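Report on the following structure.
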Amino acid sequence: MRKFIRPLACLAALLASCSKEARQFRAGPATGRAPAIAQSELFPGLTAPPASGPNPYEGNAHALAEGRRLYRWFNCNGCHFNGGGGIGPPLMDDQWIYGSEPANVFATIVQGRPNGMPSFHQRLNDQQVWQIVAYVRSLGKLPDAGKPPQRASEKSAARDVKSDPE
Amino acid sequence: MNPEGPRSAAVLPTAGPRAADARASHHDLDRVWSPPEGLYGWLTTTSHTQIGRRFIVTAFIFFLLGGILAALMRLQLSHAESGFLSPDRYNQIFTMHGVTMMFLFAVPIMEGFGIYLIPLMVGTRNLAFPRLNSFGYFTYLIGGILLYAALLLDIGPDAGWFAYLPLAGPEFSPGHRMDFYAEIITFLEISALVGAVEIIVTVFKLRAPGMTLNRMPLFVWALLVTSFMIVFAMPSVEMASAYLILERLAGTHFFDPAAGGDPMLWQHAFWFFGHPEVYIIFIPATGMVASIVVTFSQRQMFGYPAVILALITTGFVGFGLWVHHMFATGLPSLGMSFFAAASMMIAIPSGIQVFCWIATLWTGRPRLRVPLWFVLGFVFLFVMGGLTGVMLGAVPFNLQVHDTYFVVAHFHYVLIGGAVFPLFGGFYYWFPKMTGRMLNERLGLWNFWLMFIGFNVTFFPMHELGFRGMPRRVYTYLESTGWEPLNLLASCGAAVLAVGVLLFVINVLWSRARGQAAGDNPWGADTLEWTTTSPPPNYNFHFQPVVTDRYPGWTRGPDSPVVVGLKDDAHEVLVTTTLDAVPDHRTTFPPHSIWPFLTAVAVAVIFFGLIFTPWAIPAGAVLAMAMLILWFWPKHHVLHRGHEEDAP
Amino acid sequence: MDFRTLLSRTAPAALPATGLLLSGCGLRGSHHALDPAGPQAGAIGSLWWLLLVVSAVVFVVVMTALVLALTRYHETPDRENLPAQAHRTVMGWVAGGVGVTVLILFVFLVATLLAERRIAAIDADPEALEISVIGRQWWWEIQYENAAPWLTATTANEIHIPVGRPVHLKLNSADVIHSFWVPSLGGKRDLIPGHTNRLSIQADRAGVFEGQCAEFCGHQHAHMRIIVVAQPPEEFEAWLEQQRQPAREPQTEGEIRGREVFLASDCIMCHSIRGTTAMSQVGPDLTHLAGRRTLAAGVLPNTRGHLGGWILDPQGIKPGNRMPRHTFPAEQFHPLLDYLGSLE
């Protein structure tokens with residue numbers, strides 16, 4: 001049995017890594033609820049509430065690509081540009097005003113924040129929010145967040161193409 | 001290592017004063033040219049017959065795997081809106097079907113036949129650069145295994161074997177799927193290139209004395225032309241896939257229009273390889289057909305010089321057709337007209353070959369055995385496919401049926417009809433030589449007819465499906481299109497075709513154990529490989545022949561001239577001049593070696609590792625450098641006379 | 001009537017008729033390359049019949065020669081040499097075959113050029129209607145161009161054209177390569193990002209002509225159909241005038257409530273309805289949704305039930321496409337469908 005452990009472990013590692021490649025299309029509809037986040041370390045009864053779950057799409061290649069697409073489609077780049085910030089704070093740096101955990105970013109997107117971050121509650125379903133969360137965290141180069149998908153040019157090819165001179 | 005199967009001692013005098021000398025020299029040759037036993041022997045052999053057989057068997061296994069993928073596709077498409085395969089899974093399957101058939105089956109199997117047969121046909125002991133040959137095989141094997149591992153792990157490439165950008169680029173194909181494609185294709189095609197180099201050098205420099213260029217068998221000519229095509233075409237796909245690697249992993253914008261790039265660059269670079277690729281697959285098949293036609297007509301090829309010129313012309317003109325894959329992309333019509341004309345023109349050399357084959361049969365005395373049946377099937381299917389190909393050269397018509405099932409029908413007619421049928425004919429023809437046993441004739445006829453009927457029932461209706469508007473690469477279709485009946489018919493045909501192929505596998509497995517003993521020359525063929533035993537000894541010929549005409553298989557006897565004076569106890573090989581095969585000098589080939597295998601692994605580390613980390617380049621490069629240094633380390637024993645030491 | 005006219009008139013009917021017999025009468029719109037509805041497809045169809053007939057003859061001749069070669073009486077031959085007379089005869093046949101091949105290819109080339117000329121003549125027509133088609137994964141954005149911006153119109157997946165008038169399509173792509181193809185009207189042209197390609201189509205009879213994207217473009221390439229509706233010129237002008245208008249105001253209580261639901265939901269993130277505050281450009285324009293024959297790029301008939309099913313679960317119908325699933329309580333969903341059904 002022992003001689004199988006190493007190859008099995010390698011196989012398991014390989015198979016686990018392939019969740020990064022899974023493409024999930026039929027996620028459930030929106031719950032409209034942000035996961036519970038603790039903003040403080042004081043809890044009555046001295047026991048912390050159960051930790052909010054991780055991003056189910058963390059590091060998933062398809063989710064990162066979808067997140068990038070949604071980031072552009074829904075004009076996140078209008079304020080945050082491509083991560084460098086402008087009107088809104090940068091997303092590429094390591095300063096997260098409202099927390100960098102997936103649940104925090106989820107809540108920020110869904111609830112909105114003072115000084116200009118709109119609330120996307122009921123405008124995005126959970127899967128879309130998680131995909132954007134995954135993408136945004138990959139911009140910030142957080143551990144386990146995956147590599148940001150290759151930065152494609154921002155301009156939409158159709159709109160900016162020069163028409164024929166004739 | 002002893003060759004399998006019954007051996008004939010026809011080339012060795014077994015009685016008389018020379019018999020003892022002959023046995024001793026056979027013993028020396030056998031000892032020197034046989035690889036070691038066991039796994040170490042398997043990894044280190046440089047015997048062209050062993051490596052050629054491996055290419056053939058491995059490629060045939062990939063053919064079966066690709067066929068299973070095709071069966072899955074046909075199952076999915078038999079019914080409208082079938083839920084059997086998700087679009088994601090289907091995309092991986094059809095991409096891998098194309099990659100398997102084009103990269104893992106067709107070119108390697110033709111090269112495999114070349115590697116096996118060419119040294120025998122030109123009368124020498126081994127292929128040039130034997131260690132490179134081993135390297136080429138392991139490169140191919142590792143690449144193929146990695147691709148299938150990716151498919152099984154849901155990371156299979158899924159943007160088509162042609163990988164058009166921007167779809168195959170980083171924005172629209174996220175993850176590692178197309179990284180596998182880009183890296184492994186670049187890696188795999190090294191194998192094709194090294195095979196081509198070996199074949200060219202063998203054909204030019206290692207021919208038996210007296211085998212001038214115009215006494216070479218047509219199969220050798222075909223592989224020579226193919227090898228030159230590989231040398232010019234493969235770098236184009238290497239370049240294109242290298243660009244794709246950079247695009248996906250290094251953030252370049254070769255194909256990104258918003259940053260000054262152009263998706264058309266990919267198409268040109270890919271199809272500049274892609275069109276010659278299909279001739280690289282087809283031309284060796286014509287060589288097989290020529291061999292079979294000559295043998296089964298029992299007379300020399302009618303118009304031998306014309307056939308050679310036709311092969312060379314096809315090789316040249318084949319490089320001028322690639323834009324016919326791009327007629328719908330909006331290129332200027334004047335430019336496209338050149339490619340349309342060239343696409344039609346290439347029918348002329350193909351036609352010359354077909355006419356010469358028919359003329360050979362006409363003027364000979366044909367014997368209908370299974371290899372010839374496959375050739376007849378080939379003529380039927382290839383002429384039909386070639387005619388639809390000429391139609392596709394007409395630009396306006398092309399614009400209707402491009403990227404539809406009409407094209408799927410066309411290229412399966414020319415690839416299965418034009419390459420796989422001759423290949424099966426070649427299997428039946430050369431199996432006796434490779435194993436010493438005949439394949440069963442009755443099962444062979446069933447094999448042929450099921451394949452022929454199944455093929456036509458599968459692919460002929462696809463012409464009509466193309467006219468009805470069914471595009472390629474669709475995982476399903478709406479019921480209201482009315483495409484279901486013909487698709488169902490095609491799927492039934494595919495089942496028949498599959499049974500035919502299965503019969504072949506059964507025939508091989510049965511005949512290896514219980515086939516009729518073959519003898520040296522069961523077909524009465526004219527080329528040199530039939531003058532040695534079946535299967536050939538590791539040293540091919542006891543004495544290298546001296547050739548005096550185009551059909552040594554028919555004219556040589558026990559008193560025919562041979563080369564004497566080469567050492568029996570070293571890997572000594574005679575090098576002759578290119579045009580007239582006049583003996584020039586002797587050289588010593590390297591014995592078995594582990595370094596080609598290890599170098600292949602090291603190079604694989606570079607390409608495979610690069611998918612995951614850029615550190616694979618320095619790490620893999622250092623490793624590959626080390627392997628190459630050890631590969632080329634000078635061996636002292638080469639400089640000494642007398643016994644050879646075993647190489648490290 | 002000469003043979004070619006006879007062939008070209010009967011065969012195009014025979015083939016689709018056979019097709020119908022084989023397939024049952026499930027066709028919604030015509031989509032057979034040999035059932036031409038316009039001059040381009042007609043020119044290509046004529047070219048096809050020439051190619052087919054000549055190729056069939058060549059095939060039969062070659063196969064006959066092959067069969068004869070096998071079945072004729074053979075003496076045991078000299079392996080190397082032929083008698084001079086036999087050699088000359090066979091050489092004559094082979095050379096003749098090559099000569100005939102060259103001649104046939106030349107004929108094909110000339111016929112091709114003539115067909116190309118006929119098609120190009122339509123490209124140059126200055127009276128043509130200009131329509132811009134932008135391919136997206138996995139639908140078609142259609143814009144009717146006009147120098148006056150208030151006379152432009154935007155729709156999705158369904159193109160209306162006037163009968164008898166050439167239409168110039170300007171083809172672009174917003175993401176990957178697609179290909180515009182309606183077999184009854186003519187050949188295809190790719191939509192390549194970064195390039196503006198042009199294709200001319202013309203319908204010479206009224207009808208509905210279907211096509212499909214013909215360049216692999218991702219998961220739902222199989223479900224990216226095109227509907228071309230050819231109408232008599234007056235009907236077409238009326239339709240186009242309607243398309244230029246903003247959305248019809250909701251009349252009934254249900255429609256008014258439906259508009260509220262629409263504007264409060266996530267639909268506005270992707271879709272636009274001109275005349276409301278929904279102005280997103282990334283998804284299909286829904287201003288005149290109810291007037292279209294199909295939904296989801298030709299995949300579903302445009303009925304209330306199909307629309308409801310599509311909104312609730314687009315991933316079940318076109319897995320991998322860009323539209324997410326939804327849930328709506330019944331008291332919101334039915335008004336929503338009322339409203340969308342009112343957008344003529």
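So you know, we letter chains A, B, ... as the sequences are listed, proteins then strands, and number each from 1. Predicted, not measured: the structure shown is a model, and the values here were computed from it. We use all heavy atoms of the structure for the numbers below, so side chains are in, but hydrogens, waters and symmetry mates are not.
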- Message: Looking at Asp262(B) and Gly194(C), would you say the former's side chain and the latter's main chain have a donor-acceptor pair under 3.5 Å?
- Response: no
- Task: Against chain B, label Glu75(C) side chain, backbone, both or neither, depending on which of its atoms sit under 4.5 Å from a heavy atom there.
- Result: backbone
- Query: Which bit of Val401(B) comes within less than 4.5 Å of chain C, counting heavy atoms only: side chain, backbone, both or neither?
  - Reply: backbone
- Donor-acceptor contact present, side-chain His221(C) to main-chain Arg472(B), <3.5 Å: yes
- Query: Could you go step by step and tell me if Leu372(B) and Leu70(C) meet the side chain to side chain contact (heavy atoms under 4.5 Å, CB included) rule?
  - Reply: CA-CA 11 Å; Leu372(B) 193 63; Leu70(C) 292 166; 4.3 Å; yes
- Below 4.5 Å, heavy atoms only, C-beta onward: do Phe302(B) and Met91(C) meet side chain to side chain? yes
- For Ile177(C) and Pro263(B) the tightest heavy-atom approach is CD1-CB, 4.2 Å
- Note on the structure: Ranked by heavy-atom pairs below 4.5 Å to chain B, first place among Arg118(C), His87(C), Lys318(C), Gln40(C) goes to His87(C)
- Task: Let me know if Arg72(C) has heavy atoms under 4.5 Å from chain B in its side chain, its backbone, both or neither.
- Result: side chain
- Query: Side chains of Arg79(C) and Asp526(B): closer than 4.5 Å at any heavy-atom pair?
  - Reply: no
- Item | Contact origin within Glu116(C) toward chain B - heavy atom pairs under 4.5 Å | both
- Any side-chain heavy-atom pair from Ile358(B) and Trp93(C) closer than 4.5 angstrom? no
- Message: Counting only heavy atoms not in Arg367(B) (residues, nucleotides, ligands), do more than 12 fall under 6.0 Å from its CZ?
- Response: yes
- Message: Please classify the contact of Asp158(B) with chain C as side chain, backbone, both or neither, using a heavy-atom distance under 4.5 Å.
- Response: backbone
- Item | Contacting region of Met224(C) [heavy-atom separation from chain B under 4.5 Å] | neither
- Sort Leu199(C) into side chain, backbone, both or neither according to what part of it lies under 4.5 angstrom from a heavy atom of chain B. neither
- Task: For His219(C) and Asp88(B), run side chain to side chain contact (heavy atoms under 4.5 Å, CB included): C-alpha distance rounded to whole Å, both residues' side-chain angles, the deciding distance at 0.1 Å, then the answer.
- Result: CA-CA 6 Å; His219(C) 289 116; Asp88(B) 196 46; 3.0 Å; yes
- Query: Rounded to the nearest 0.5 Å, what separation is found between the CG atom of Leu52(C) and the NE2 atom of His463(B)?
  - Reply: 10.5 Å
- Query: Does Lys188(C) use its side chain to pair, donor to acceptor, with the backbone of His402(B) at less than 3.5 Å?
  - Reply: yes
- With a 4.5 angstrom heavy-atom cut-off, could you sort out which part of Pro396(B) is near chain C: side chain, backbone, both or neither? both
- Is any side-chain heavy atom of Met345(B) less than 4.5 Å from a side-chain heavy atom of Leu109(C)? no
- Item | Toward chain B, the part of Ser55(C) with a non-hydrogen atom under 4.5 Å | both
- Item | Side chain / backbone / both / neither for Val390(B) at chain C, heavy atoms under 4.5 Å | side chain
- Query: Considering only heavy atoms from C-beta outward, does the side chain of His223(C) approach that of Thr476(B) to under 4.5 Å?
  - Reply: yes
- Side chain, backbone, both or neither of Gln298(B) within contact of chain C (heavy atoms, under 4.5 Å): both
- Task: Measure distances from Ala86(C) to the heavy atoms of chain B and classify the residue's part below 4.5 Å as side chain, backbone, both or neither.
- Result: neither
- Query: Are Phe94(B) and Phe216(C) close enough that some pair of their side-chain heavy atoms sits under 4.5 Å apart?
  - Reply: yes
- Residue list, salt bridge (charged side-chain N to carboxylate O under 4.0 Å, His left out) with Arg215(B), at least two apart or on another chain: none
- Message: Need one label for Tyr477(B): side chain, backbone, both or neither, based on atoms under 4.5 Å from any heavy atom in chain C.
- Response: neither
- Partners meeting ring pair (Phe, Tyr, Trp, His ring centres under 6.0 Å) with His306(C) (sequence neighbours left out): none
- Message: Using 30° and 60° as the class boundaries, would you call the ring planes of His31(C) and Trp483(B) parallel, tilted or perpendicular?
- Response: perpendicular
- Query: Tell me, do Arg299(B) and Leu82(C) make a side-chain contact under 4.5 Å, heavy atoms counted?
  - Reply: yes
- Message: Heavy-atom cut-off 4.5 Å, strictly under: side chain, backbone, both or neither for Ala41(C) against chain B?
- Response: both
- Query: Are there more than 12 heavy atoms of other residues, nucleotides or ligands under 6.0 Å from atom CZ of Phe460(B)?
  - Reply: no
- Message: If I measure from the heavy atoms of chain C, does Thr404(B) come under 4.5 Å with its side chain, its backbone, both, or neither?
- Response: side chain
- Step by step, would you call Glu215(C) with Tyr164(B) a side chain to side chain contact (heavy atoms under 4.5 Å, CB included)? CA-CA 9 Å; Glu215(C) 184 59 64; Tyr164(B) 275 7; 3.4 Å; yes
- Task: Identify which part of Asn197(C) has an atom lying under 4.5 Å from any heavy atom of chain B, answering side chain, backbone, both or neither.
- Result: side chain
- Item | Worked verdict on Asp403(B) versus Trp181(C) for side chain to side chain contact (heavy atoms under 4.5 Å, CB included) | CA-CA 10 Å; Asp403(B) 239 320; Trp181(C) 184 41; over 6 Å; no
- Query: Would you call the rings of Trp48(C) and Phe406(B) parallel, tilted or perpendicular, where under 30° means parallel and over 60° means perpendicular?
  - Reply: perpendicular
- Hey, are the side chains of Glu80(C) and Thr555(B) touching, using non-hydrogen atoms and a 4.5 Å cut-off? yes
